[in-house]
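Excluded from the calculations below are hydrogen atoms, water molecules and symmetry mates; all remaining heavy atoms, backbone and side chain alike, are included. Treat the numbers as computed from the prediction; the structure is a model and nothing was measured.
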Amino acid sequence: MVKGFSRLEEGLDDLALDIPSAKALFQSFVPKAISEGWLDASFDNPAGENGEFQVEDENVRKYKKEAVTIIHEYFLSDDIPELIRSLEDLGAPEYNPIFLKRLITLALDRKNREKEMASVLLSALHIEIFSTEDIVNGFVMLLENAEDTTLDILDASNELALFLARAVIDDVLAPLNLDEIGSRLPPKCSGSETVRMARTLSSARHAGERLLRCWGGGTGWAVEDAKDKITKLLEEYESGGVVGEACQCIRDLGMPFFNHEVVKKALVMAMEKKNDRMLDLLQECFSEGLITTNQLTKGFTRIKEGLDDLALDIPNAKEKFAFYVEHAKTKGWLLPSFDSSAPDV
């Protein structure tokens with residue numbers, strides 16, 4: 001009953017366009033429902049008797065409404081940079097998990113096109129403005145309400161497992177994050193079963209190929225294709241290509257949220273080929289605004305996280321990386337928060 005009233009309350013602004021008195025009528029229903037015992041009294045006073053949480057509650061409601069509008073616009077436009085700008089304009093990073101929950105809940109109720117767009121957006125948000133903790137907390141919120149979601153969307157459990165497994169394949173979550181999410185849910189709930197299913201899906205043979213096509217192909221597969229194209233354009237540049245042409249190739253990829261991969265592959269190639277010419281390309285990309293500070297920082301972070309493995313193939317990888325970090329700091333490429341210390345072995 002509370003869920004039904006909450007759903008109606010969330011859509012009152014839209015409803016009022018067709019029924020002008022909708023808000024007033026809704027307000028008259030609530031006390032009647034409470035007095036007759038079929039709606040919990042807390043619905044009418046979610047802040048408690050003192051009203052101490054009223055401001056926060058109002059802020060959350062306002063944020064949810066804004067988030068839904070932003071997501072609907074994204075599903076229409078497929079414009080990731082615009083969505084990121086809109087989220088930054090809201091200036092409420094503490095509500096990032098709520099945004100993730102809204103995004104996937106809305107995608108579940110739509111076609112595979114929107115589900116694919118939601119998965120791709122998660123990758124972009126993780127690169128630009130969402131922390132791994134935001135993503136984990138968002139999925140926990142989502143899975144805590146999995147039973148309710150299944151009432152509206154019969155296949156919700158399977159589709160949530162696909163979203164989780166796809167997030168692992170896309171490097172948005174690490175396999176260990178699935179364990180963390182599972183540990184925060186009751187052992188025998190629907191959400192815990194969904195996490196177990198996601199573990200199985202993401203660890204299966206050929207999981208990457210299957211999960212990139214889990215919503216019927218599209219952008220997910222294009223991401224793998226983009227990795228190949230990035231490698232080829234960097235190899236061509238390294239063997240004597242023109243910096244301007246390399247920058248144009250990066251633009252032509254049309255996947256700005258994936259530019260951290262350019263940074264990562266350029267640095268690895270510079271180490272392997274012992275050719276620091278790649279730094280000139282990164283400088284040009286940075287000067288033109290083609291690759292942002294966030295994307296550069298993300299690329300350097302990915303290298304740092306895999307430095308021990310990299311050192312098995314490139315013995316002086318750590319020394320080279322330290323040199324690149326100092327160069328990047330001198331050029332203003334990295335966020336002040338970047339920690340250049342090598343990770344613990």
> Does any non-hydrogen side-chain atom of Val136 lie less than 4.5 Å from one of Pro97?
Replying inline: no

> Mind checking whether Leu8 and Leu15 have side chains closer than 4.5 Å, heavy atoms only?
Replying inline: yes

> Hey, any chance Leu267 and Val243 share a hydrophobic cluster, counting ILVMFWY side chains that come within less than 4.5 Å of each other, even indirectly?
Replying inline: yes

>> The test is salt bridge (Lys or Arg N to Asp or Glu O under 4.0 Å); show your working for Glu193 and Arg196 and say whether it passes.
In response: CA-CA 5 Å; Glu193 181 55 39; Arg196 280 192 288 275; 3.0 Å; yes

> Of the non-hydrogen atoms in Cys214 and Leu162, which two are nearest, and what is the gap between them?
Replying inline: CB-CD2, 4.0 Å

>> Evaluate Ile127 against Asn294 for side chain to side chain contact (heavy atoms under 4.5 Å, CB included), listing each step before the verdict.
In response: CA-CA 8 Å; Ile127 291 160; Asn294 278 341; over 6 Å; no

> Think Arg110 forms a cation-pi with Phe75, using NZ or CZ under 6.0 Å from the six-ring centre and within 45 degrees of its axis?
Replying inline: no

>> Quick test of your reading of the model: are Lys232 and Glu235 salt-bridged, counting only N-O distances below 4.0 Å?
In response: no

> Is there a side chain to side chain contact (heavy atoms under 4.5 Å, CB included) between Lys23 and Phe26 once you walk through the steps?
Replying inline: CA-CA 5 Å; Lys23 291 184 181 180; Phe26 179 77; 5.7 Å; no

>> If you compare all heavy atoms of Ser192 against all heavy atoms of Gly182, which two are closest, and at what distance to 0.1 Å?
In response: OG-O, 4.4 Å

>> Under 6.0 Å from the ring centre and within 45 degrees of the ring axis: does the NZ or CZ of Lys304 meet both conditions for the six-membered ring of Phe338?
In response: yes

>> Heavy-atom count check: over 12 atoms from other residues, nucleotides or ligands less than 6.0 Å from Glu236 CD?
In response: no

> Do Tyr95 and Asn59 get their side chains close enough for a donor-acceptor pair, meaning under 3.5 Å?
Replying inline: no

>> Check for me, please, whether Ile303 and Leu335 land in the same ILVMFWY cluster - side-chain distances under 4.5 Å, paths through other members count.
In response: no

> Tell me, do Val30 and Leu39 make a side-chain contact under 4.5 Å, heavy atoms counted?
Replying inline: yes

> In Å and rounded to the nearest 0.5 Å, what is the CZ to NZ distance from Phe99 to Lys64?
Replying inline: 14.0 Å

> Where the side chain of Asn316 meets the backbone of Glu319, is there a donor-acceptor pair that is under 3.5 Å apart?
Replying inline: no

> Got a donor-acceptor contact below 3.5 angstrom from the Thr292 side chain to the Gln295 backbone?
Replying inline: yes

> How many angstroms lie between CE in Met269 and CG in Leu234, if you round to the nearest 0.5 Å?
Replying inline: 5.0 Å

> Considering all heavy atoms of both residues, which atom of Leu201 and which atom of Leu211 are nearest to each other, and what is their separation?
Replying inline: O-CD1, 3.9 Å

> Met197 and Val140: same hydrophobic cluster, using ILVMFWY side-chain contacts below 4.5 Å?
Replying inline: no

> Would you find a donor on one side and an acceptor on the other, under 3.5 Å apart, between the side chain of Asn137 and the backbone of Glu133?
Replying inline: yes

> Charged N to carboxylate O below 4.0 Å: is that the case for Arg113 and Glu116?
Replying inline: no

> Only one of Leu281, Leu282, Thr297 forms a side-chain contact (heavy atoms from CB on, under 4.5 Å) with Val263, so which one is it?
Replying inline: Leu282

> Under 3.5 Å, is there a donor-acceptor pair between the Ser131 and Asp134 side chains?
Replying inline: yes

> Within the side chain of Asp170, is there an N or O that forms a donor-acceptor pair under 3.5 Å with the backbone of Ala167?
Replying inline: no

>> Assess the residue pair Ser202 and Leu178 against the criterion (side chain to side chain contact (heavy atoms under 4.5 Å, CB included)); give the C-alpha distance rounded to whole Å, side-chain angles, the decisive distance to 0.1 Å, and a yes or no.
In response: CA-CA 10 Å; Ser202 59; Leu178 294 184; 4.1 Å; yes

>> Could you check whether Glu9 pairs with Arg61 (Lys NZ or Arg NE/NH1/NH2 to Asp/Glu carboxylate O, under 4.0 Å)?
In response: yes

>> Does this structure show an ion pair linking Lys62 with Glu66, if we count only N-O contacts that are shorter than 4.0 Å?
In response: no

> What is the distance from atom NZ of Lys115 to atom CZ of Arg166, rounded to the nearest 0.5 Å?
Replying inline: 13.0 Å

> Just wondering, do Thr69 and Tyr74 contact through their side chains at under 4.5 Å, heavy atoms?
Replying inline: no

>> Check this for me: does any side-chain nitrogen of one of Asp252 and Lys229 sit under 4.0 Å from a carboxylate oxygen of the other?
In response: no

> For the atom pair CG (Asp78) and CD (Glu73), what is the distance rounded to the nearest 0.5 Å?
Replying inline: 13.5 Å

> Hey, quick one: are Ile181 and Leu176 part of the same hydrophobic cluster, counting side-chain heavy atoms closer than 4.5 Å, chains of contacts allowed?
Replying inline: no

> Considering only heavy atoms from C-beta outward, does the side chain of Leu122 approach that of Phe130 to under 4.5 Å?
Replying inline: no

> Between CZ of Arg85 and CD1 of Ile70, what distance do you get to the nearest 0.5 Å?
Replying inline: 12.0 Å

>> Any non-hydrogen side-chain atom of Phe139 less than 4.5 Å from a side-chain atom of Ile104?
In response: yes

> How far apart are the closest heavy atoms of Asn259 and Leu290, and which atoms are they?
Replying inline: ND2-O, 3.0 Å

> Taking all non-hydrogen atoms of both residues, which atom of Gly138 and which atom of Leu100 are closest, and how far apart?
Replying inline: C-CD2, 3.6 Å

> Can the ring centres of Phe163 and Trp215 be said to be less than 6.0 Å apart?
Replying inline: yes

> side chain to side chain contact (heavy atoms under 4.5 Å, CB included) between Ile80 and Val120: does it pass, once the steps are laid out?
Replying inline: CA-CA 9 Å; Ile80 289 177; Val120 171; 4.0 Å; yes

> Given side chains that start at C-beta, do those of Cys247 and Cys285 come closer than 4.5 Å, heavy atoms only?
Replying inline: yes

> Is there a side-chain contact between Leu125 and Ile129, using heavy atoms and a 4.5 Å cut-off?
Replying inline: yes

> Between Trp38 and Phe5, what is the ring plane arrangement, given parallel below 30°, perpendicular above 60°, and tilted in between?
Replying inline: tilted

> Rounded to the nearest 0.5 Å, how far does CE of Met278 lie from NZ of Lys265?
Replying inline: 11.5 Å

>> Could you report the tightest heavy-atom contact between Ala107 and Ala118, atom names first, then the distance?
In response: CB-CB, 3.9 Å

> Counting distance only, does the side-chain N/O of Arg277 pair as donor-acceptor with the main-chain N or O of Tyr237 below 3.5 Å?
Replying inline: yes

> Ser28 side chain to Leu25 main-chain N or O, any donor-acceptor pair under 3.5 Å?
Replying inline: yes

